[in-house]
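These notes concern the structure reproduced below.
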Amino acid sequence: MSSHDADRHTPTALIIGASRGLGHAMAAAFLDRGWNVIGTVRNTTARTPLHDLADRSDGRVSVEHLDINEPAQSAALRERLAPRELDVLFVNAGTTNNEQTPIGAVPTADFVEVMVTNALSPMRVIETLEDLVSPTGLIGAMSSGQGSITNNATGMREVYRGSKAALNMFLRSFAARQAQQAGSKRAFVLMAPGWIRTALGGPDAPFTIDEAVPQVVDVLLSRLGTPGLAYLDRWGRTVPW
């Protein structure tokens, strides 16, 4: 092996929520681009598509366990990963309730579940793991175009919309705090991938995972080295707050 090869840095992405769907496809897309990938799964016993990807990866994909709604598990994950430096930390988390229920009729338990899973828990994970991310790396989260207050012209899916708008605000606050640190060069991305055929998006969505996710990853990679926060769709266009 030449000294050039020995010194070459292979970047690492940590995808939180990569067992299936968008997260698994993101892990595969980063792997295809020559990255090492760490992906998390919530279930400790079930085999997932991420495990299959890891088996085919020649050691470049590893699987970790994390339920993002259990803060102690985030701290334990940080301890396990502590020797490593991450170039990308991306939190892919999402749940929803009955999309036809107007906000005044939403049961409190449903409201809490969606808000905690979609807004609070992703930020807890980011706050816990951010010091593992390179000073020139990227921290991102899976938002939604439905988190845009400006673009909400139809209503409905109101708890989901509110949870993603809350996530946007929380990451904006986090990025503002980070920007106050001397020499801060990290990129931050809130990603609105569009309506995609997943378990959450449903069968009527116009785009497949294979069509959408490579664009998502390309946008993330394009933001590396660009400090500050951007709220973008998968074509790299700015989404209005």
Side-chain angles (χ1 to χ4, degrees), residues 14-24 26 39-46 48 50 64-78 89-130 139-178 188-196 198-202 204-205 229 231 239-241:
L14 170 59
I15 310 297
I16 304 295
S19 61
R20 58 187 175 86
L22 295 179
H24 165 258
M26 289 181 67
T40 71
V41 300
R42 186 172 57 181
N43 193 315
T44 58
T45 57
T48 72
L50 182 65
E64 290 282 351
H65 169 247
L66 175 66
D67 182 337
I68 66 166
N69 289 337
E70 297 292 338
Q73 293 186 16
S74 295
L77 177 63
R78 189 205 171 281
L89 164 61
F90 191 88
V91 182
N92 172 55
T95 190
T96 191
N97 66 319
N98 185 333
E99 65 183 44
Q100 299 302 318
T101 306
I103 188 63
V106 172
T108 299
D110 289 359
F111 179 87
V112 171
E113 179 185 6
V114 175
M115 293 296 289
V116 169
T117 301
N118 290 3
L120 177 59
S121 291
M123 292 310 305
R124 281 176 167 165
V125 170
I126 287 170
E127 295 267 12
T128 300
L129 301 179
E130 65 91 9
I139 296 174
M142 191 67 79
S143 184
S144 169
Q146 295 190 29
S148 168
I149 294 173
T150 300
N151 285 348
N152 182 5
T154 62
M156 307 314 292
R157 302 200 78 187
E158 289 161 18
V159 179
Y160 181 80
R161 288 179 185 275
S163 71
K164 292 300 187 178
L167 173 65
N168 293 353
M169 178 61 79
F170 296 153
L171 190 59
R172 186 161 186 167
S173 293
F174 179 80
R177 285 188 274 121
Q178 291 269 307
F188 300 90
V189 176
L190 287 156
M191 173 54 62
W195 191 13
I196 303 170
T198 64
L200 187 63
D204 296 328
L229 174 65
Y231 180 21
V239 181
W241 299 94

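These figures come from a predicted structure and were not determined experimentally.
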Flag yes if more than 12 heavy atoms outside Ile149 fall under 6.0 Å of its CD1 atom; otherwise flag no.
no

For the CE atom on Met115, are there more than 12 heavy atoms of other groups (residues, nucleotides or ligands in this structure) within a distance under 6.0 Å?
yes

Determine whether [X] and [Y] make a side-chain contact, defined as any pair of heavy atoms from C-beta on separated by less than 4.5 Å.
| X | Y | value |
| --- | --- | --- |
| Leu190 | Trp241 | yes |
| Arg177 | Glu127 | yes |
| Arg20 | Thr48 | no |
| Ile15 | Thr40 | no |
| Val106 | Glu158 | no |
| Phe90 | Met191 | yes |
| Leu77 | Ile16 | yes |
| Ile68 | Ser74 | no |

Indicate whether any N or O donor in one side chain lies under 3.5 Å from an N or O acceptor in the other, for Thr154 and Arg161.
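Distance-only check passes for Thr154 and Arg161.
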
Side-chain donor-acceptor contact under 3.5 Å, Asn43 with Ser19
no

Is it true that a side-chain atom of Lys164 and a backbone atom of Met142 form a donor plus acceptor pair closer than 3.5 Å?
yes

Is Arg124 salt-bridged to Glu70, going by a charged N under 4.0 Å from an acidic O?
no

So which atom in [X] and which in [Y] form the shortest heavy-atom distance, rounded to 0.1 Å?
| X | Y | value |
| --- | --- | --- |
| Thr96 | Val114 | C-CG2, 3.8 Å |
| Ile126 | Gly140 | CD1-O, 4.4 Å |
| Leu50 | Ala18 | CB-O, 3.4 Å |
| Leu167 | Ser143 | CD2-CA, 4.3 Å |
| Thr128 | Arg78 | O-CD, 3.4 Å |
| Asn168 | Gly147 | ND2-O, 3.7 Å |

Can you tell me how far the OH atom of Tyr160 sits from the OG atom of Ser144, to the nearest 0.5 Å?
4.0 Å

Value rounded to 0.5 Å, distance of CZ in Phe170 from OG in Ser163:
10.0 Å

For a side chain to side chain contact (heavy atoms under 4.5 Å, CB included) check, start with the C-alpha distance between Gln100 and Arg157, then their side-chain angles and the critical distance, and finish with the verdict.
CA-CA 6 Å; Gln100 299 302 318; Arg157 302 200 78 187; over 6 Å; no

Phe188 vs Phe174 aromatic rings, parallel, tilted or perpendicular, using cut-offs 30° and 60°?
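Perpendicular.
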
Could you walk me through whether Leu229 and Leu171 satisfy the side chain to side chain contact (heavy atoms under 4.5 Å, CB included) test, starting with their C-alpha distance in whole Å, then the side-chain angles of each, then the deciding distance to 0.1 Å, before giving a yes or no?
CA-CA 8 Å; Leu229 174 65; Leu171 190 59; 4.1 Å; yes

Is there a side chain to side chain contact (heavy atoms under 4.5 Å, CB included) between Val159 and Asp110? Walk through the geometry before answering.
CA-CA 9 Å; Val159 179; Asp110 289 359; over 6 Å; no

Check step by step if side-chain hydrogen bond (donor to acceptor under 3.5 Å, both in side chains) holds for Thr95 and Asn118.
CA-CA 7 Å; Thr95 190; Asn118 290 3; 5.7 Å; no

